[in-house]
K.L.:
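Have a look at the structure that comes next, please.
Chain letters run A, B, ... following the sequence lines, proteins first, then strands; residues in each count from 1.
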Amino acid sequence: MIELFLVPAALFALMPVGLVSARFGKGATPYAACFLVCAAAAIAALPALAAPPRLLALPLGLGMSLRIDALAAYFLIVVNLGGAAASLYAIGYGAHEEEPGRILPFYPAFLGAMNLVVMADDAYTFLLGWEAMSLASWALVIAHHREAANLRAGFIYLVMASFGTLCLLIAFGLLAQPAGIGFAAIGANRPEGAVAAVVLVLVLIGAGSKAGLAPLHVWLPLAHPAAPSHVSALMSGVMTKVALYGLIRITFDLLGPPAWWWAMPFLIVGGLTAVLGVLHALMERDLKRLLAYSTIENIGIIALCLGLALAFRANAMPSAAALALTAALFHALNHMLFKSVLFFGAGAILGATGLRDIERLGGLIHRMPVSSALFLLAATAISALPPLNGFVSEWLAFQAIFLSPTLPQWGLKIAIPAVGTLLALAAALVAGCFVRAFGIIYLGRARGPEAAEATETDRFSLTAMAILAALCLAAGLLPGLVIDAIAPVTQMLVAGRMPAQAHTAWLTILPAPGASSSYNGLMIGLFVVFVTLATAKAIHLLAGRRTRRSRPWDCGYPNLGPQTQYTGQSLSQPIRRVFASVVLRSGEKVDMPDPGTLRPSVITRRIHDPAWDAIFAPVEAAVNAAAALLNRFQFLTIRRYLGLVFGLLVVLLAVVGLSP
Amino acid sequence: MIADLALQGAQMAIVLLLAPALTGFVRKVKAHLLRRRGPPILQPYRDLRRLLAKEAIVADTASWLFRASPYVVFAATWVAAALVPTYATGLVFSWSGDLIAIAALLGLARFAQTLAGLDVGTAFGGIGTSRELLFAALAEPAMIMIAFTVALVAGSTQLSTIANVMLAQHVGLRVSLAMALIALIIVALAENARIPVDNPATHLELTMVHEAMVLEYSGRHLAMIDLAASLKLLLYASLLACLFSPLGLAPPGAPPAAYAIGLGTYLVKLFGAGAMLGFFEISIAKMRVFRVPNFLGIALMLGFLGTLLLFVSRSL
């Protein structure tokens, strides 16, 4: 048992170790140390879930205080489990790194800062940790700084992160009390009315942009993939959860009792984010960007569940609020598990082939058998298919929607069915997205020489993937255990809990007390596996196992080579035509040469992100226009500069003289 | 307990044994309506036996997934079919999955099937997978919205409970349920690759969806896929019967005679649905692929409207 409060300090202390280690090798030592610290912290946080809150005020007049309550403990588990897996993975994956000195010092700092945010008990510590987290991850994003795209991603990320912190700073300024900026002081005197509304909007912008909520998501698919793969996994799987922690801590714990309309921005933004994210992911051909867009989709689902929880809480329905909040927290854990595996798989492919473009891969299931199987498991889980964990959290979300017709407000009555449709649409599209991702990368025939000569990744990477994949399976088969572990958190935040699941017959999960709906992951899982194996056995006994290998049939066409396979773009073309032509204004232009000319024909397709077009492009244009205007002042003569200074002096004196 | 397990086992056996007969029956009805004699109703069983007797030919570019996937598809579909009440409600495993879980199990089957379509790396596998994904992107959310509608009327997503509510209380004629019924029929047509969405009898390459996806399969693997397809047709027929005409379903703990009545009415409902499907299929032409999203979009919108109506008033 280690002292949890020491975890951030221990991780920050690993920074110099990383710096030294980078001079002598690829940094297996600091990664191993990070792994040990995070693994120990994740285990130590488990009993803290049900324990009473513990406080610690830092000495030396630092003015910082830490607290571990049920909510913090739950997110400490998520953060440190993801951190431990990423560190284990990095012991092997770090060998691919050209300049480890650009990663190793910042990596432990990134982990430490995320721990600090979750443990913070006052606004100062929270913002300090938040900014440290942003800066450390920014340094990691531009680790491969020789590529212009990464620098641009880093710049956009830095601007967005600073803007988000600014919003949080103002929010905490509004929350601050005469008694101080400690969370206890704020919680004792919760703001209501207009102040609460402004804080809510600021937090949605500040923490929501970090989590990747639309329309402030545009930095995320640029920045997450630019970092090395283990850091991408941390940013997508863990840092977005820290952002959600901030969102939950402030809206559920620090703000006053919610009004029903607080739920509306969460529901609408969440639903739109989910569909927008998955549509982008379906169109994407860069594997890591695809995964980043899928992160946006999952954050949308979680935000939607949080909105439901707020709506139920505002209407004094604690058990329904607990159900929706459990769905959100369960999905946060699930997303950390499977998204990390998927990014680790993407890193394994990147290490083996040097490619992120799915259109040049193919047939890797033959070359990378173990990592492909683990990637498949994670892809099945993220597609919300039984008996894995993604389905459980989605099932809980649907059950929460199912309880919502009793909400009295008309706004919610109209919004929730619409948002439910968006959730169902996103869930269906995700399965297609990951059939496409897995099918194009791992199945079929190799589309290029790199894919044809790929080799399986190292054992550390495979172990890290296997551990998280096993947890995906465990959480899917025994969801009752996770739900019971979340119960203290919902008890603390919405004063309600889902029925205790550990003792129900056959470990069936029940969404609400007295509900007649139920789901049993263990039973469904065992049933499907047993029937699959028994059928295979029976067929082999009955019909024999005679198998002949032959050339593909393909309706009698001669075998035309790997270029005739469907590509990722062609596979999602029907969906692009039906959905994305409306939402993303996608289109394609075919440039067909005249008969007789030898020029190749070219097809170009375009995708517009509505958020970029509507918000970022105008802001960028305005900033550029202002810069162009101010640029004139750079090239004046000395006389004009002196004239300007004199003029300014006159104006200031006039102001001083005229003011009373 | 033994009796409970026997009833559940009987349900699993009944769906498995009846599924090819339903497929054969639909073919027979269509043939008769076209004034042909048609193959006997038992022909699908013979086809299965013939396929099982043949050796399986596997493309040399295929991986383990290609060979495992038919069994996964079959198992997921069979488990889903076993969760839909056919002749009795409240079977012993019925609480382990609700309507959403059934839809997701069918999603699992589709996941395995579409991946297998991409595994060999041929153009036809890709075209089938691509179109299947498009249809699924609309049919699956429509199914969830239908589940919402019926669940809001009945107060549960558990099929046994829904069937009992529809049976016991006077639910009456409701706008929302009518919408759900139409939507479910559309989804059932699309999911089972029937006309007007797909044509189970086609062998013109560019019009195929399901058949293109499973083009590389042969022997025992193809037998598993065909059986799973028959099971899926039976599942949707049972689902329609159980939700919208639950008459005759035996409640838990009923005397043996009730089970016999339940089985009898189930057979009538099943083959009635088969006859209607056959009649519908000969009276309509297949759609262009890009017309299908509009058709399925109707189902999604009806499901959404049904849910919305129930949010507005529980009595609509």
K.L.:
Check each atom of B:Trp95 against the heavy atoms of chain A and say whether the ones under 4.5 Å are side chain, backbone, both or neither.
P.N.:
both
K.L.:
Please state whether the side chain, the backbone, both or neither of B:Phe290 comes within less than 4.5 Å of a heavy atom of chain A.
P.N.:
side chain
K.L.:
Less than 4.5 Å to any heavy atom of chain A: does that hold for the side chain of B:Ala53, its backbone, both, or neither?
P.N.:
backbone
K.L.:
Any side-chain donor-acceptor pair under 3.5 Å between A:Arg436 and B:Thr114?
P.N.:
no
K.L.:
Partners of A:Thr532 by side chain to side chain donor-acceptor pair (under 3.5 Å), sequence neighbours excluded?
P.N.:
none
K.L.:
Please round to the nearest 0.5 Å and tell me the distance separating atom CG of A:Leu385 and atom CZ of B:Phe111.
P.N.:
6.0 Å
K.L.:
Taking atom types as modelled, find out whether A:Gln399 and B:Thr157 have a side-chain donor-acceptor pair closer than 3.5 angstrom.
P.N.:
yes
K.L.:
I'd like to know which of B:Leu108, B:Thr307, B:Thr129 tops the heavy-atom pair count under 4.5 Å against chain A.
P.N.:
B:Leu108
K.L.:
Out of B:Leu138, B:Thr161, B:Leu115, B:Val312, which one racks up the most heavy-atom pairs below 4.5 Å with chain A?
P.N.:
B:Leu115
K.L.:
Checking A:Ala534 against chain B: side chain, backbone, both or neither under 4.5 Å from a heavy atom?
P.N.:
neither
K.L.:
Which bit of B:Leu51 comes within less than 4.5 Å of chain A, counting heavy atoms only: side chain, backbone, both or neither?
P.N.:
neither
K.L.:
Would you check if the side chain of A:Lys413 reaches a backbone N or O of B:Phe311 as a donor-acceptor pair within less than 3.5 Å?
P.N.:
yes
K.L.:
Heavy-atom cut-off 4.5 Å, strictly under: side chain, backbone, both or neither for A:Trp553 against chain B?
P.N.:
both
K.L.:
Could you measure the distance from the CG atom of B:Asp119 to the CZ atom of A:Arg445? Nearest 0.5 Å is fine.
P.N.:
11.5 Å
K.L.:
As an exercise, state the distance from CG of B:Asp98 to OH of A:Tyr519, rounded to the nearest 0.5 Å.
P.N.:
9.5 Å
K.L.:
With chain A as the partner, which of B:Gln158, B:His221, B:Arg314 has the greatest number of non-hydrogen pairs under 4.5 Å?
P.N.:
B:Gln158
K.L.:
Measuring heavy-atom distances to chain B, does A:Ser372 have an atom under 4.5 Å in its side chain, in its backbone, in both, or in neither?
P.N.:
neither
K.L.:
Mind telling me whether A:Tyr557 and B:Phe124 have parallel, tilted or perpendicular rings, with 30° and 60° as the class edges?
P.N.:
tilted
K.L.:
Check each atom of A:Ile365 against the heavy atoms of chain B and say whether the ones under 4.5 Å are side chain, backbone, both or neither.
P.N.:
side chain
K.L.:
Examine whether an atom of B:Leu83 lies under 4.5 Å from a heavy atom of chain A, and if so say whether it belongs to the side chain, the backbone or both; otherwise answer neither.
P.N.:
side chain
K.L.:
Quick check on the interface: out of B:Leu134, B:Val72, B:Leu300, who has the most heavy-atom pairs with chain A under 4.5 Å?
P.N.:
B:Leu134
K.L.:
Side chain, backbone, both or neither: which part of B:Leu133 has a heavy atom under 4.5 Å from chain A?
P.N.:
both
K.L.:
Given a strict heavy-atom distance threshold of 4.5 Å, which part of A:Val578 is in contact with chain B: side chain, backbone, both, or neither?
P.N.:
side chain
